[in-house]
> 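The structure is given below, and queries will be raised subsequently.
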Amino acid sequence: MGILKNLKGKNFINLEDFTKDELLGLLDFAAKLKKKTKGKKNLDILKNKNLVMYFSKPSLRTRLSFEIGMKKLGGETSVIKQDEIILGKRESIEDTARVISKYADGVTIRTFAHNDVELFAKYSSIPVVNALTDLSHPCQIMADLLTLKETFNTLKGLKIAYVGDGNNVVNSLMTACSILGIDISVATPLGYEPDKNVSDIAKKIAQKSGSHIEILQDPIEAAKGVNAFYTDVWTSMGQEAEYEKRKEIFKNYQINEELMKHTNKNAIILHCLPAHKGEEITKDVFEKYQKAIFDEAENRMYAQMAILATIMK
């Protein structure tokens, strides 16, 4: 059980800005909101509150989970797409932040440069949520943790493996694991490891939490005895020109039946979606383990509802 302290007005940009108790408290709150929402109970936690959502990147789960989740909390949303304001181009990020702060009660930003979100937050007087940057994806990881907790009834003693590109998802996953004391093995091709600064921060936190973090090149070694196997696309948004090159480099970093033999017998697979079946994961394995993957997608909404309800209340 975590302790949900008063986080009103706090930004949700970097997971390392939160303590173990705060993250666990948010997960407990998300589980309660899920139960109430599933029970068709009306929630007015954010009644008369407005959330602005800015998108530089295409979105299915992020937009719907925030938009519908905010509605379930009794609030409203306004969506701004990149071609409407082009963050930092039509006018400065500083001025955009100050203008939106006059209208809304919170803002989510899904964009490329992490620094843009941090600069926006510096000039914003309302809480800012990182809905994805090239560096991190903290809201996704909160959904992943909720799914793990629902599946195994605890996060204590779990071991996770990630195989594939050392991207924003694994950056945030390592950070969360280090805070919560979860062991994680990351297998990537040489030269495609997670961000070094993020890895260094996670390893430093892990020294206090007892989490064991290892970054490898061998997927089989990473898979040994894990409770959950995580993967993501080999080519993320903005890397399309590298597609053919990456297909060759990552061809041995695929979750398939052979690799799953090395995991714990009750292991699940997590994937933040969309999935490129036949690349990072085979179609048959995806379908065999799809329940946890789509529970994970559903949990995006409840995890984000907990975040919004806590920082915007």
Side-chain angles (χ1 to χ4, degrees), residues 1-5 7 12 14-35 65 130 136-163 168-187 194 198-199 201-215 222-232 255 260 263-272 289 291-307 309-310:
M1 289 285 289
I3 302 171
L4 192 58
K5 298 178 181 179
L7 300 177
F12 194 85
N14 303 303
L15 289 175
E16 61 267 29
D17 295 335
F18 294 83
T19 66
K20 177 179 179 179
D21 278 344
E22 288 169 343
L23 293 182
L24 291 177
L26 284 170
L27 293 174
D28 290 342
F29 188 28
K32 290 175 183 176
L33 289 174
K34 183 174 183 177
K35 186 176 181 179
S65 56
N130 173 3
S136 65
H137 200 353
C139 291
Q140 175 65 54
I141 302 310
M142 293 301 289
D144 303 336
L145 294 170
L146 181 58
T147 307
L148 287 167
K149 196 171 182 184
E150 287 177 340
T151 303
F152 299 106
N153 297 315
T154 183
L155 296 176
K156 189 175 181 180
L158 294 184
K159 182 181 179 183
I160 299 173
Y162 176 96
V163 59
N168 50 4
V169 170
V170 72
N171 285 338
S172 293
L173 184 64
M174 280 195 313
T175 303
C177 287
S178 70
I179 296 168
L180 298 176
I182 300 170
D183 291 344
I184 180 169
S185 298
V186 177
V198 172
S199 298
I201 291 172
K203 288 176 181 178
K204 187 174 181 180
I205 297 171
Q207 290 176 355
K208 296 181 179 179
S209 70
S211 170
H212 180 65
I213 299 174
E214 56 181 355
I215 299 174
K224 290 180 179 178
V226 300
N227 305 101
F229 221 150
Y230 204 131
T231 191
D232 192 8
I255 295 184
M260 288 303 294
T263 68
N264 185 297
K265 65 178 181 178
N266 296 319
I268 63 171
I269 290 177
L270 297 176
H271 194 308
C272 58
Y289 292 88
K291 183 184 183 302
I293 294 171
F294 289 103
D295 286 346
E296 176 189 11
E298 179 186 6
N299 282 336
R300 282 289 300 276
M301 182 169 70
Y302 302 111
Q304 289 160 186
M305 285 172 67
I307 294 165
T310 302

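FYI, the numbering just counts along the sequence from 1. Values in this document were obtained by computation on a predicted structure and should not be read as measured data.
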> Look at the side chain of S211 and the backbone N and O of Q207, then say whether any donor-acceptor pair between them is shorter than 3.5 Å.
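No, S211 side chain to Q207 backbone: no donor-acceptor pair under 3.5 Å.
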> Can any side-chain N or O of T231 pair as donor or acceptor with the backbone N or O of V163 at less than 3.5 Å?
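Flag set: sc T231 to bb V163 pair under 3.5 Å.
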> Given 3.5 Å as the limit, does a donor-acceptor pair link the side chain of S185 with the main chain of E214, or not?
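A pair under 3.5 Å: no.
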> Could you grab the distance from atom CG of D183 to atom CD1 of I213, nearest 0.5 Å is fine?
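So the gap between those two atoms works out to 9.0 Å.
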> Go through the side-chain N and O atoms of N14 and S136 and say whether any donor and acceptor fall under 3.5 Å apart.
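Judged by distance alone, the side chains do not pair up.
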> Can you tell me how far CD1 of I268 sits from CG of L270, rounded to the nearest 0.5 angstrom?
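With rounding to 0.5 Å, CG (L270) is 4.5 Å from CD1 (I268).
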> Just how far is it from atom NE2 of H212 to atom NZ of K203, taken to the nearest 0.5 Å?
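Between H212 NE2 and K203 NZ, I get 9.5 Å after rounding to 0.5 Å.
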> Kindly indicate whether the side chain of T175, heavy atoms from C-beta on, has any atom under 4.5 Å from the side chain of I201.
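Not touching, per the 4.5 Å side-chain cut-off.
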> Do you know the tightest heavy-atom contact between F29 and A309?
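Taking F29 first and A309 second, the nearest heavy atoms are CE2-CB, 3.8 Å.
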> Would T19 and I179 count as a side chain to side chain contact (heavy atoms under 4.5 Å, CB included) here? Give the steps.
CA-CA 7 Å; T19 66; I179 296 168; 6.0 Å; no
> What donor-acceptor contacts under 3.5 angstrom involve side-chain atoms of residues 294-305, with partners at least two apart or in another chain?
from : atom 1 : to   : atom 2 : distance (Å)
D295 : OD2    : K291 : NZ     : 2.7
E296 : OE1    : H271 : N      : 2.9
E296 : OE2    : Q140 : NE2    : 3.4
E296 : OE2    : Y230 : OH     : 3.4
E298 : OE2    : K38  : NZ     : 2.7
N299 : OD1    : K34  : NZ     : 2.9
N299 : ND2    : T147 : OG1    : 3.0
N299 : ND2    : E150 : OE1    : 3.1
N299 : ND2    : D295 : O      : 3.3
R300 : NE     : Q304 : OE1    : 2.8
R300 : NH1    : Q140 : OE1    : 3.1
R300 : NH2    : T62  : OG1    : 2.8
R300 : NH2    : Q304 : OE1    : 3.0
Q304 : NE2    : S65  : OG     : 2.8
Q304 : NE2    : R300 : O      : 3.4

> Rounded to the nearest 0.5 Å, how far apart are CG of L158 and SG of C177?
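The distance works out to 9.0 Å.
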> Could you check whether any side-chain heavy atom of S209 comes within less than 4.5 Å of a side-chain heavy atom of L180, counting everything from C-beta outward?
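No, too far: nothing below the 4.5 Å cut-off.
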> Working note: I205 + E16, criterion side chain to side chain contact (heavy atoms under 4.5 Å, CB included); need CA distance, chi angles, decisive distance, verdict.
CA-CA 9 Å; I205 297 171; E16 61 267 29; 4.1 Å; yes
> Any donor and acceptor pair, going by atom type alone, linking the side chain of N227 with main-chain N or O of K159 inside 3.5 Å?
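It does hold such a pair.
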> Go through N130 and C139 one step at a time and tell me if the side chain to side chain contact (heavy atoms under 4.5 Å, CB included) criterion holds.
CA-CA 7 Å; N130 173 3; C139 291; over 6 Å; no
> Looking at A267 and V226, what are the two nearest heavy atoms and their distance?
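Heavy atoms of A267 and V226 come nearest at CB-O, 3.5 Å.
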> How many angstroms lie between atom SG of C272 and atom CG of L173, to the nearest 0.5 angstrom?
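That separation rounds to 10.0 Å.
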> Hey, does the side chain of S172 reach the backbone of H137 with a donor-acceptor pair shorter than 3.5 angstrom?
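Between the backbone of H137 and the side chain of S172 there is a qualifying donor-acceptor contact (under 3.5 Å).
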> Please enumerate all residues that pass side chain to side chain contact (heavy atoms under 4.5 Å, CB included) together with Y289, with sequence neighbours excluded.
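With sequence neighbours excluded, Y289 shows a side chain to side chain contact (heavy atoms under 4.5 Å, CB included) to M260, I269, V285, given in chain and number order.
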> Step by step, would you call E22 with L7 a side chain to side chain contact (heavy atoms under 4.5 Å, CB included)?
CA-CA 9 Å; E22 288 169 343; L7 300 177; 3.5 Å; yes
> Rounded to the nearest 0.5 Å, what separation is found between the CG atom of L155 and the CG atom of L145?
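Answer for the CG-CG pair, L155 versus L145, is 6.0 Å.
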> Given ring pair (Phe, Tyr, Trp, His ring centres under 6.0 Å), test Y162 with F229 step by step and report yes or no.
CA-CA 6 Å; Y162 176 96; F229 221 150; 9.0 Å; no
